Amino acid sequence: MKIAVIPGSFDPITNAHCDIISRATKIFDFVHVCVLTNVNKKTMFTSEQRVDMIQKVIDSMGISNCKATSYEGLLSEFTKKVSAVATIRGIRNISDYEAETAMADINFRLNNALETIILLSRPEFRAISSSVVREISAFGGDVSEFVPSIIVDDIKAHYNRKESFLP
Ligand code: PNS
């Protein structure tokens, strides 16, 4: 059984992530979508909220060979724990490519049984990012074009509960 991990911050999951998940689950027997800590980012949603949203989306897409989870530690450790042979990342542009090659090199040093597989974002998803979704939401804008419909209300509710996300 070939197992892969799609790691990320998913703060929150977007349609671009969904496209990668859908494509990865057609290549691998089982895919773990794993919320990990990016030490360079402050997140808007808790790890638990992000896992819940991802699982809701996976279920709504009718994908059965995929599960959302979180891990507090290194991606290389998590991949060993679940016996994954590959980690999958989507890239949109040259800056993503540079960051991903650096990360792939480090992950390979930490777990040399691990392949990093890069999937190119489809053109229609290239401009979508979690940070764009957070910015639009912070200004009360509509993000329904950028995230799965099943989590639109979760995102709205989250932002409505807070007084202000702006400086
Ligand atoms: O969605 P992101 O923020 O680009 O995802 C980055 C993430 C979370 C996959 C990366 O920061 C990560 O792997 N964090 C876990 C810690 C780790 O393994 N770091 C070493 C890789 S250089």
Side-chain angles (χ1 to χ4, degrees), residues 2-25 27-28 30-58 61 63 66-138 143 146-148 151 154-155 158-159 165:
K2 295 274 185 218
I3 298 170
V5 174
I6 304 182
S9 301
F10 303 103
D11 189 38
I13 184 169
T14 67
N15 289 340
H17 293 127
C18 292
D19 179 52
I20 299 295
I21 292 170
S22 159
R23 289 159 62 193
T25 51
I27 303 171
F28 285 89
F30 196 86
V31 174
H32 295 273
V33 179
C34 187
V35 172
L36 288 148
T37 303
N38 182 336
V39 292
N40 300 310
K41 289 183 181 169
K42 242 186 98 189
T43 57
M44 188 55 68
F45 295 91
T46 65
S47 165
E48 197 182 22
Q49 287 169 328
R50 286 176 276 154
V51 171
D52 286 349
M53 282 191 277
I54 298 167
Q55 191 60 55
K56 243 162 103 166
V57 170
I58 293 169
M61 290 165 81
I63 300 176
C66 184
K67 187 177 178 297
T69 189
S70 64
Y71 186 72
E72 281 183 37
L74 293 170
L75 169 61
S76 55
E77 281 170 8
F78 180 74
T79 53
K80 283 181 195 162
K81 197 167 110 88
V82 297
S83 309
V85 293
T87 176
I88 299 178
R89 297 279 288 173
I91 64 168
R92 297 162 295 187
N93 49 40
I94 276 288
S95 327
D96 280 355
Y97 172 81
E98 283 177 2
E100 294 308 324
T101 48
M103 204 157 87
D105 289 348
I106 298 298
N107 283 325
F108 182 72
R109 285 187 191 204
L110 296 173
N111 173 3
N112 60 19
L114 186 69
E115 288 292 347
T116 294
I117 296 183
I118 299 294
L119 295 182
L120 301 180
S121 279
R122 302 270 191 240
E124 63 268 38
F125 299 117
R126 260 177 219 158
I128 304 178
S129 64
S130 298
S131 61
V132 159
V133 169
R134 293 195 304 274
E135 185 163 336
I136 296 170
S137 300
V143 293
F146 309 114
V147 300
I151 62 161
D154 294 335
I155 295 174
H158 182 80
Y159 279 85
F165 288 93

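Counting starts at 1 for both ligands and their atoms, in listed order. None of these values were measured; they are calculated from a predicted model.
With hydrogens left out, the protein atom closest to atom 17 (C) of ligand 1 is Leu74 CD2, 3.5 Å, a heavy atom. The nearest protein atom to atom 22 (S) of ligand 1, hydrogens excluded, is given as Met103 CG, 3.7 Å; this is a heavy-atom distance. In this structure, atom 4 (O) of ligand 1 lies nearest to the protein heavy atom Arg89 NH2, 2.8 Å. From the protein, the heavy atom lying nearest to atom 13 (O) of ligand 1 is Leu75 CB, 3.7 Å. Among protein heavy atoms, the minimum distance from atom 8 (C) of ligand 1 is reached at Leu36 CB, 3.8 Å. With hydrogens left out, the protein atom closest to atom 3 (O) of ligand 1 is Ser9 OG, 2.5 Å, a heavy atom. The nearest protein atom to atom 12 (C) of ligand 1, hydrogens excluded, is given as Thr37 O, 4.0 Å; this is a heavy-atom distance.
In this structure, the side chain of Arg92 does not engage the main chain of Ser121 through any donor-acceptor pair within 3.5 Å. Side-chain atoms of Thr25 come within 3.5 Å of backbone atoms of Ile21 as a donor-acceptor pair (strictly under, hydrogens ignored).
Checked for salt-bridge contact, Lys56 and Asp52 miss the test: no charged N lies under 4.0 Å from a carboxylate O.
Using a 4.0 Å cutoff on heavy atoms, Gly73 counts as a contact of ligand 1. Residue-ligand proximity: Glu77 is placed with every non-hydrogen atom at 4.0 Å or more from ligand 1.
Distance check, rounded to the nearest 0.5 Å: OG1 of Thr79 to CG of Leu74 gives 9.5 Å. Note that CG of Asn38 is 4.5 Å distant from OG of Ser9, once rounded to the nearest 0.5 Å. For the atom pair Ile54 CD1 and Gln49 CD, the distance stands at 12.0 Å (nearest 0.5 Å). Note that CG of Asn107 and CG of Asn112 are 12.0 Å apart. Values are rounded to the nearest 0.5 Å.
In summary, the atoms of ligand 1 found under 4.0 Å from a heavy atom of Lys41, numbered by their order in the structure, are 1 (O), 2 (P), 3 (O), 4 (O).
Residue Asn107 has no N or O atom closer than 3.5 Å to an N or O atom of ligand 1.
When side chains are defined from C-beta on, Pro7 does not count as touching His32, because their heavy atoms never get closer than 4.5 Å.
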